[in-house]
Every structure is written in C-alpha cells, then in structure tokens.
Amino acid sequence: AVSYTALIDAFCKVNNIGRAMEIFDEMVKDGFAPDAYVYYTLIAGLTRAGRMNEALTFFQTLKDSGFSPDVVCYNVLIAGLFNTNKADKAHEIFEEMEKAGARPDGVTYNTLIAYHAKSGNFTEARKQLKKMVREGHVPTVVTYGALIHAYCLNERVNEAMALFKELRGSSKVAPNGVIYNILIDCLCKKDDVQQALGLMDDMEVKGVKPSANTFNSLFRALREAKMVQKGFELMDRMVKQGVNPD
RNA sequence: CCCUGUUCACUGGGGUA
C-alpha cells in the first residue's frame with residue numbers, strides 16, 4: 001500500500017489526478033485494500049486541485065471503511081474549503097473534528113487564523129490565536145506570517161510592520177525569508193520601493209537569504225517605476241548572492 | 001526497533017465576468 005500511496009501522490013503532484021484515481025481503482029481491482037494513507041493522499045491531491053466535492057466524497061468513503069481521519073486529513077480539508085470559499089463547510093468539518101476527538105493542532109489554528117485575518121476579521125483571528133496558545137500550541141513563524149500577510153492585504157501596512165518589528169526584536173520567532181518576502185512584496189505594491197530595498201538590506205544584516213520571490217517582487221516594482229538602473233544593480237546582487245532566477 | 005507516504009503564511013502568468 002505504501003507503493004500505491006507514493007504512486008498516487010506522485011501523479012497528484014504533477015496534477016494528473018485522473019491517473020491517480022485510475023491507480024486507486026486498479027489497486028482495489030487487484031484486491032489490495034486501500035489503507036488510510038491512500039485515502040489521505042487522494043484527498044490531498046483533489047484538494048490541491050480545488051476539487052473539494054470529490055475530496056469530500058473520498059473523505060466519506062474513508063470513514064465508511066472504518067478509518068478515523070487523522071488531524072492532518074482534517075487540516076487538508078479545512079484549508080481546502082477555506083481556499084475555495086466554502087467557509088461554512090470548513091467550520092462544519094472543524095466541528096466534526098472536535099467531536100470526533102481529533103485535537104486541532106497548530107496547523108489547524110494557523111489555517112483558521114489565516115482565513116479570518118485575510119477576511120479582515122482580525123478580532124476573530126486574535127481570538128483563535130489566544131485559543132491556540134491556551135490549548136498549548138506555540139505560534140510559529142507561519143502564524144505570524146499569516147497575520148502579517150493579512151495586514152498587508154487589508155491595507156494595514158503599519159500594523160504589519162509593527163508585528164514584524166516585534167518579531168525582529170524578540171528572539172522567540174525570528175522572521176524568515178517568507179516574512180521578508182511578504183513585506184517586500186507588499187511595500188513594492190504600495191510603490192514604496194525604497195523601504196522594500198531597505199528590508200532587503202536588513203535581510204543581509206540578519207543573515208536571511210533572499211529567494212527568487214524576493215527579487216521578483218522588486219524587479220516588478222522597479223520595472224513599473226522605470227528604475228532601470230536599480231534593476232541592474234539588483235541583478236548583480238542576485239548573482240552575487242547565488243540566487244537563481246526562475 | 002527505527003525511518004519513510006497526507007496539511008497551514010510569500011511571487012508571477014492565463015481563462016470567464
């Protein structure tokens with residue numbers, strides 16, 4: 001079954017869900033009983049493809065086969081449902097999860113926080129953050145990344161920067177490349193290329209390596225601002241830092 | 001006995017309105 005899972009996962013990841021489902025059928029036809037992971041993998045693949053109805057069908061089959069979905073499986077579905085604007089269904093699955101005795105973990109809370117914050121409901125997001133901590137889960141760089149990104153999306157850049165500075169100043173959760181990318185991209189879109197470049201310098205100070213994403217955001221902004229010279233300087237810098245363009 | 005198979009935050013492009 002592990003081989004089947006790996007095969008199904010491989011096809012899902014290259015976006016060939018159809019082939020993955022065929023393999024599932026073959027597996028059943030050949031008399032192999034799918035284990036929970038086969039279902040998990042298919043559910044994740046369908047979810048990644050945004051095919052939530054089919055994912056939910058397999059989820060039902062999984063339960064009908066006598067398996068108890070694990071936390072990760074619930075997390076997959078909840079995130080997928082939020083991403084496809086099915087928040088009601090996501091909450092429904094979340095409740096089912098709690099009833100089934102599958103304890104929400106840090107990822108579950110990060111997903112909820114990201115959803116509420118992006119929707120502009122920071123009150124609810126902070127509430128979930130408190131609950132998360134109360135339940136014994138430690139907020140991570142992902143948690144703060146979700147909040148910072150959401151502040152940016154909701155035109156609350158000051159709060160995004162404030163939270164960033166809070167992280168930067170404390171030694172608990174150090175900002176990583178993604179955090180910088182979120183802010184750099186946000187500033188670029190606000191046409192504050194100067195401050196974005198400043199953050200890039202700060203990355204160097206902090207020993208955080210820029211990625212292709214970092215440069216892409218800046219190139220786009222420089223192109224739009226017609227700052228060609230800066231663009232060339234940045235290319236040099238990209239080469240020097242050993243970042244491959246994508 | 002151990003390891004390994006499912007999840008969360010960042011870019012861009014295209015389609016329909």
Side-chain angles (χ1 to χ4, degrees), chain A residues 1-13 20 23-24 27 34-49 52 55 58-59 62 67-83 90 93-94 97 102 104-118 125 128-129 132 137-153 160 163-164 167 173 175-189 196 199-200 203 208-221 223-224 238 243 245-246:
Chain A
V2 174
S3 318
Y4 277 107
T5 308
L7 204 51
I8 288 170
D9 187 43
F11 278 110
C12 286
K13 290 215 164 111
I23 291 169
F24 176 82
M27 173 180 187
D35 66 8
Y37 273 96
V38 172
Y39 287 106
Y40 295 159
T41 306
L42 264 179
I43 289 168
L46 288 164
T47 298
R48 218 176 290 129
M52 294 315 298
F58 274 104
F59 181 61
L62 164 78
F67 297 110
S68 304
D70 68 0
V71 181
V72 174
C73 185
Y74 281 110
N75 288 345
V76 170
L77 288 170
I78 291 168
L81 289 165
F82 279 134
N83 289 334
I93 298 285
F94 178 73
M97 174 181 191
D105 64 4
V107 172
T108 320
Y109 284 104
N110 287 344
T111 305
L112 290 171
I113 290 166
Y115 167 73
H116 289 299
K118 278 185 183 165
Q128 292 297 334
L129 179 59
M132 173 183 191
H137 305 291
V138 182
T140 64
V141 68
V142 174
T143 319
Y144 295 113
L147 285 169
I148 290 173
H149 188 210
Y151 280 127
C152 289
L153 293 175
L163 183 50
F164 164 73
L167 296 185
V173 181
N176 64 5
V178 174
I179 301 279
Y180 279 98
N181 288 349
I182 291 168
L183 287 164
I184 287 172
D185 185 60
C186 170
L187 293 167
C188 283
K189 285 178 177 152
L199 274 178
M200 177 133 204
M203 289 177 89
V208 179
K209 196 184 164 192
S211 66
N213 265 355
T214 322
F215 287 100
N216 286 342
S217 298
L218 285 161
F219 281 134
R220 160 169 292 268
R223 191 179 67 204
E224 276 172 17
M238 185 157 84
V243 177
D246 63 359

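All chains are named by letter (A, B, ...) in the order of the sequence lines, taking the proteins before the strands, and each is independently numbered beginning at 1. Heavy-atom basis, side chains included; hydrogens, waters and symmetry copies ignored. These numbers were taken from a predicted model, which means no experiment stands behind them.
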A.B. asks: CG/A:Leu112 to CG/A:Asn75 distance, rounded to the nearest 0.5 angstrom?
C.D. replies: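 Answer for the CG-CG pair, A:Leu112 versus A:Asn75, is 9.0 Å.
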A.B. asks: Show me the protein contacts with nucleotides 13-17 of chain B, counting only N or O atoms at under 3.5 Å.
C.D. replies:
from	atom 1	to	atom 2	distance (Å)
B:G13	OP1	A:Arg220	NH2	2.8

A.B. asks: Go through B:U6, B:U11, B:G5 for me and flag the one nearest to the A:Asp35 side chain.
C.D. replies: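 So the side chain of A:Asp35 is nearest to B:G5.
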A.B. asks: For residues A:Ile182 and A:His149, report the shortest heavy-atom separation together with the two atoms involved.
C.D. replies: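 Nearest heavy atoms, A:Ile182 then A:His149: CG2-CA, 3.6 Å.
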A.B. asks: Does the plane of the ring in A:Tyr39 sit parallel, tilted or perpendicular to the ring in A:Phe67? Use 30° and 60° as the thresholds.
C.D. replies: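 A:Tyr39 and A:Phe67: tilted rings.
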A.B. asks: Looking only at side-chain atoms of A:Val107, point me to the closest of B:C8, B:G5, B:A9.
C.D. replies: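 Closest nucleotide among those given: B:C8.
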A.B. asks: Under 4.0 Å from OP1 or OP2 of B:U6: is there any side-chain N or O of A:Arg48 that close?
C.D. replies: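 Answer is no, no contact under 4.0 Å.
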A.B. asks: For the CZ atom of A:Phe94 and the CD1 atom of A:Ile78, what is their distance to the nearest 0.5 Å?
C.D. replies: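 Reported value, rounded in 0.5 Å steps: 6.5 Å.
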A.B. asks: Choosing from B:G5, B:U6, B:C10, which nucleotide comes nearest the side chain of A:Ile182?
C.D. replies: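 Out of B:G5, B:U6, B:C10, the nucleotide with an atom closest to A:Ile182's side chain is B:C10.
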A.B. asks: Rounding to a whole Å, what distance do you find between A:Asn75:CG and B:C8:P?
C.D. replies: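 A:Asn75 atom CG is separated from B:C8 atom P by 9 Å.
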A.B. asks: With no angle test and no hydrogens, is the base of B:C10 tied to the side chain of A:Asn213 by a donor-acceptor pair under 3.5 Å?
C.D. replies: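 Checked by distance alone, the answer is yes.
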A.B. asks: Quick one: sort the A:His137 and A:Tyr109 rings into parallel, tilted or perpendicular, breaks at 30° and 60°.
C.D. replies: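 It falls in the tilted class, 30° to 60°.
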A.B. asks: Find the distance A:Phe82:CZ to B:A9:P and express it as a whole number of Å.
C.D. replies: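 Nearest whole value for this atom pair: 12 Å.
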A.B. asks: For the base of B:G12, is there a side-chain donor-acceptor partner from A:Asp185 under 3.5 Å away?
C.D. replies: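 Answer is no: no donor-acceptor pair is held.
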A.B. asks: Can you tell which of B:C8, B:G5, B:C10 lies closest to the side chain of A:Thr111?
C.D. replies: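 So the nucleotide nearest the side chain must be B:C8.
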A.B. asks: Can you check the A:Asn110 CG to B:C8 C1' distance for me, whole Å?
C.D. replies: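 Between C1' of B:C8 and CG of A:Asn110: 6 Å.
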A.B. asks: Which whole-number value in Å describes the distance from A:His137 NE2 to B:C8 P?
C.D. replies: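 Distance check: A:His137 NE2 to B:C8 P gives 17 Å.
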A.B. asks: What is the distance, rounded to the nearest whole Å, between atom CG of A:Leu183 and atom C1' of B:U11?
C.D. replies: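 In whole Å, B:U11 C1' and A:Leu183 CG are 14 Å from each other.
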A.B. asks: Just checking A:Phe59 against A:Tyr74, ring centres under 6.0 Å apart?
C.D. replies: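 Judged by ring-centre distance (under 6.0 Å), A:Phe59 and A:Tyr74 do meet the cut-off.
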A.B. asks: Between the base of B:U6 and the side chain of A:Asp70, is there a donor-acceptor distance below 3.5 Å?
C.D. replies: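 Result: at least one qualifying N/O pair found.
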A.B. asks: Starting from C1' on B:C8, measure out to NZ on A:Lys118 and report it in whole angstrom.
C.D. replies: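 That distance rounds to 9 Å.
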A.B. asks: Rounding to a whole Å, what distance do you find between A:Ile184:CD1 and B:G12:P?
C.D. replies: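 So the CD1-P distance, A:Ile184 to B:G12, works out to 14 Å.
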A.B. asks: Base, sugar-phosphate, or nothing for A:Val71, non-hydrogen atoms under 4.0 angstrom?
C.D. replies: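 Touches nothing.
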A.B. asks: Using the side-chain heavy atoms of A:Asn216, tell me which of these nucleotides is nearest: B:A9, B:U7, B:U11.
C.D. replies: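 Of the candidates, B:U11 comes closest.
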A.B. asks: Please state how far atom CE in A:Met52 lies from atom C1' in B:U6, giving the value in whole angstrom units.
C.D. replies: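 So the two atoms are 13 Å apart, to the nearest Å.
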A.B. asks: Excluding sequence neighbours, so at least two apart, what forms salt bridge (Lys or Arg N to Asp or Glu O under 4.0 Å) with A:Lys189?
C.D. replies: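 In terms of salt bridge (Lys or Arg N to Asp or Glu O under 4.0 Å), with neighbours along the sequence ignored, A:Lys189 is linked to A:Asp185.
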A.B. asks: Exactly one of A:Asp35, A:Val76, A:Leu62, A:Val72 should register a side-chain contact (heavy atoms from CB on, under 4.5 Å) with A:Tyr40. Which one does?
C.D. replies: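 Answer to the side-chain contact (heavy atoms from CB on, under 4.5 Å) test with A:Tyr40 among A:Asp35, A:Val76, A:Leu62, A:Val72: A:Leu62.
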A.B. asks: Please tell me if A:Lys189 has a side-chain N or O lying less than 4.0 Å from either OP1 or OP2 of B:G12.
C.D. replies: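 For B:G12, OP1 or OP2 has a side-chain N or O of A:Lys189 closer than 4.0 Å.
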A.B. asks: Which part of the nucleic acid, if any, lies within contact of A:Asn83, taking any heavy atom under 4.0 Å across all strands shown: a base, the sugar-phosphate backbone alone, or nothing?
C.D. replies: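 Counting heavy atoms under 4.0 Å across all strands, no contact is made by A:Asn83.
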